[in-house]
Amino acid sequence: MGHLRQEVEPDEVGLDPKALARLDEHFARQVDEGRLPGYLVAVSRHGRMAHLTAHGHRDVRERLPVETDTLWRMYSMTKPVTSVAALILMEEGRFGLDTPVAEFLPAFADPRVYVGGFGPAVRTRPAGQPILVRHLLTHTAGLTFGFYRAHPVDALYREAGIGSSVVPGTDLAETCEAYARLPLQFEPGTQWNYSVATNVVGRLIEVVSGRDLDDFLAERVFGPLGMEDAGLCVNEAQAPRLAELYGETEDGGITPVPGLPVHGRPRLLSGSGGMVGTAHDYHRFMEFLRRRGELDGVRLLSAGTVATMTSNQLPGDADLRSYGSQVHREPGRAGLGFGLGVSVVTDPALTRSPAVLGSFGWSGVATTTFWVDPHHDLTVQFLTQLRPTGSHTVYPELKRLVHEAVTG
């Protein structure tokens with residue numbers, strides 16, 4: 001198992017210890033007030049771990065502390081990892097960003113686009129262009145999530161049994177075929193809508209490589225990068241280190257809630273949200289991205305591919321606020337573009353919290369987040385296990401507090 005360890009004092013790499021102490025005090029207060037179960041925050045600069053804090057409990061009832069080797073459900077922080085796996089195959093010449101997905105997944109051969117109506121009266125038309133690999137990686141394919149409740153196609157997902165992102169009791173192939181039977185919200189490549197697309201990327205990886213997704217990730221990403229505990233499930237030896245998942249209560253407290261089943265290999269291998277790992281594992285992944293595709297002498301992607309992945313790929317160089325359903329048209333999305341599996345800061349002045357041009361990262365539904373700041377040569381991750389009922393203040397507060405700590 002891998003443990004993160006602090007390697008240098010913050011002021012040795014241009015970070016203010018007093019500001020970082022304020023960061024710790026802020027989130028420790030949320031734990032002490034019962035609003036967070038526990039958390040781990042890690043800030044690294046120039047590739048050296050300069051601030052590492054584990055506080056609170058991974059299991060509140062059993063009084064088990066958060067430790068540096070605690071395992072976390074990463075949820076949507078899985079998506080950048082799956083995207084890297086797909087880009088590995090792309091660099092091998094197995095497909096291109098502009099390859100039609102239907103060449104490998106025939107169920108997507110004749111997509112139809114929503115025109116109007118509701119329920120049984122929904123009207124569709126043939127799509128004017130195929131769904132391409134780049135559309136999946138950028139969430140511009142026209143796919144959606146059933147839980148949005150913002151568009152008639154969202155309701156069709158729920159009616160098809162896809163209330164979250166998977167069809168219960170199916171495997172990845174069956175779930176992706178269910179997606180393909182439903183209409184797209186819009187013409188592929190014309191808008192952005194965060195969606196189930198990365199599950200389709202996971203299935204694409206399986207078909208192209210001839211390997212199950214968990215095996216491919218283990219052999220081609222986790223193993224080479226030294227992500228020792230990362231996987232799509234936990235084994236019996238790892239299980240005691242897995243953090244409990246919590247949800248918010250009406251009075252602002254927390255209570256245990258069911259999480260994605262990860263004890264034993266799941267039938268559906270989710271490239272969208274199935275990863276479990278430690279802070280050490282995700283630190284290795286962030287360092288790989290910070291170093292533009294190489295870590296400890298192992299190169300998985302070219303620097304050019306990582307540059308493409310971490311730059312805005314949205315049509316017209318627009319930001320996330322400009323596209324998709326009303327779910328996404330909110331101030332917090334302004335100034336953020338989207339690359340191949342990660343968001344990218346395109347206009348710091350428009351973002352709600354302190355941001356630096358070119359910073360990239362993503363978050364998970366259990367209030368996990370990470371970002372890489374190339375300008376300051378900085379990586380940050382925050383891990384807890386809380387599914388909020390509404391918008392949570394963790395992310396903007398974390399970014400503000402880290403921003404205040406950068407001195408050099």
Side-chain angles (χ1 to χ4, degrees), residues 1-10 13 15 20 23-24 27 37-59 64-82 84-85 214 217-244 262 273-291 293-298 300 342 361-364 366-373 377-385 398 402:
M1 70 185 71
H3 284 269
L4 273 185
R5 293 177 175 83
Q6 185 167 331
E7 299 170 294
V8 294
E9 293 302 316
V13 289
L15 296 172
L20 292 170
L23 184 156
D24 287 341
F27 289 110
Y39 70 90
L40 183 147
V41 63
V43 183
S44 176
R45 196 164 192 202
H46 309 314
R48 305 170 76 189
M49 183 58 59
H51 182 72
L52 176 63
T53 298
H55 183 80
H57 295 92
R58 68 180 188 271
D59 187 318
L64 299 175
V66 173
E67 298 176 305
T68 56
D69 67 345
T70 292
L71 284 155
W72 312 86
R73 291 175 174 88
M74 297 295 181
Y75 285 104
S76 287
M77 280 170 57
T78 309
K79 291 178 172 71
V81 177
T82 302
V84 163
D214 56 349
L217 290 174
E219 294 170 8
R220 302 299 302 276
V221 181
F222 300 150
L225 294 183
M227 299 169 67
E228 301 172 8
D229 275 309
L232 300 187
C233 64
V234 296
N235 59 35
E236 187 175 347
Q238 293 172 317
R241 293 188 281 130
L242 179 66
E244 183 75 52
V262 294
M275 178 180 162
V276 180
T278 64
H280 175 267
D281 294 327
Y282 221 87
H283 174 69
R284 299 284 296 176
F285 183 71
M286 289 190 297
E287 281 295 297
F288 155 77
L289 293 176
R290 183 187 71 84
R291 293 167 61 100
E294 175 274 334
L295 184 63
D296 294 344
V298 175
L300 298 188
V342 291
W362 200 239
S363 304
T367 319
T368 62
T369 193
F370 87 97
W371 74 88
V372 178
D373 175 351
D377 205 22
L378 189 76
T379 66
V380 182
Q381 64 174 316
F382 181 93
L383 302 172
T384 186
Q385 296 283 263
L398 177 67
V402 171

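In what follows, every heavy atom counts, from backbone to side chain, and hydrogens, waters and symmetry copies are set aside.
Between Phe288 and Arg284 the shortest side-chain heavy-atom distance does not fall below 4.5 Å. The closest side-chain heavy-atom distance from Asp229 to Gln238 is below 4.5 Å. Looking at heavy atoms from C-beta onward, Leu52 lies out of side-chain contact with His283 at the 4.5 angstrom threshold. Side-chain contact between Ser44 and Met49: present, with at least one pair of heavy atoms (C-beta onward) separated by less than 4.5 Å. With contacts defined as side-chain heavy-atom distances shorter than 4.5 Å, the pair Leu40/Trp72 qualifies. Contact of the Asp373 side chain with the Val402 side chain is not registered, since no non-hydrogen atoms from C-beta on lie closer than 4.5 Å. Here the side chains of Arg58 and Leu71 are not in contact, with every heavy-atom distance at 4.5 Å or above. The closest side-chain heavy-atom distance from Leu398 to Leu23 is below 4.5 Å.
Atom OG1 of Thr53 sits about 8.0 Å away from atom CD of Gln6, to the nearest 0.5 Å. Atom-to-atom distance recorded for Met77:CE and Asp281:CG is 10.5 Å, nearest 0.5 angstrom. From His46, atom NE2 reaches atom CG of Leu378 across 9.0 Å, with rounding to the nearest 0.5 Å. Separating the CE atom in Met74 from the OG1 atom in Thr78 is a distance of 8.0 Å, to the nearest 0.5 Å. Atom CG of Leu295 is separated from atom CG of Leu300 by 8.5 Å, given to the nearest 0.5 angstrom. Note that CZ of Arg48 and CD of Glu9 are 10.5 Å apart. Values are rounded to the nearest 0.5 Å.
Between Lys79 and Ser76, the shortest heavy-atom contact is NZ-OG, 2.8 Å. In terms of heavy atoms, Thr369 sits closest to Ser363 at OG1-OG, 2.7 Å. For the pair Tyr282 and Pro80, the tightest heavy-atom approach, listed with the atom from each and the gap, is OH-CG, 3.9 Å. In this structure, Ala218 and Pro224 approach most closely via the heavy-atom pair O-CD, 4.1 Å. The shortest heavy-atom contact between Thr68 and Thr278 is O-CB, 4.5 Å. Of all non-hydrogen atoms in Ala54 and Val66, the two that sit nearest each other are CB-O, 3.6 Å.
Between Glu287 and Arg290 a salt bridge is recorded (basic side-chain N to carboxylate O distance below 4.0 Å).
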Can Asp24 and Tyr39 be said to form a side-chain contact (heavy atoms from CB on, under 4.5 Å), step by step? CA-CA 10 Å; Asp24 287 341; Tyr39 70 90; 4.1 Å; yes
Before you tell me yes or no, could you show the steps for Arg241 and Leu64 under side-chain contact (heavy atoms from CB on, under 4.5 Å), namely the whole-Å CA-CA distance, both residues' side-chain angles and the distance that decides it to 0.1 Å? CA-CA 9 Å; Arg241 293 188 281 130; Leu64 299 175; over 6 Å; no
One pair to check against side-chain contact (heavy atoms from CB on, under 4.5 Å): Thr368 and Gln385. What are the steps and the verdict? CA-CA 7 Å; Thr368 62; Gln385 296 283 263; 4.0 Å; yes
Worked verdict on His51 versus Leu15 for side-chain contact (heavy atoms from CB on, under 4.5 Å): CA-CA 9 Å; His51 182 72; Leu15 296 172; 5.5 Å; no
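Relative ring orientation between Phe370 and Phe285 is described as perpendicular, the plane-to-plane angle rising above 60° on a 0-90° scale split at 30° and 60°.
The backbone N or O of Val221 lies less than 3.5 Å from no partner atom in the side chain of Glu219, so there is not a single donor-acceptor pair.
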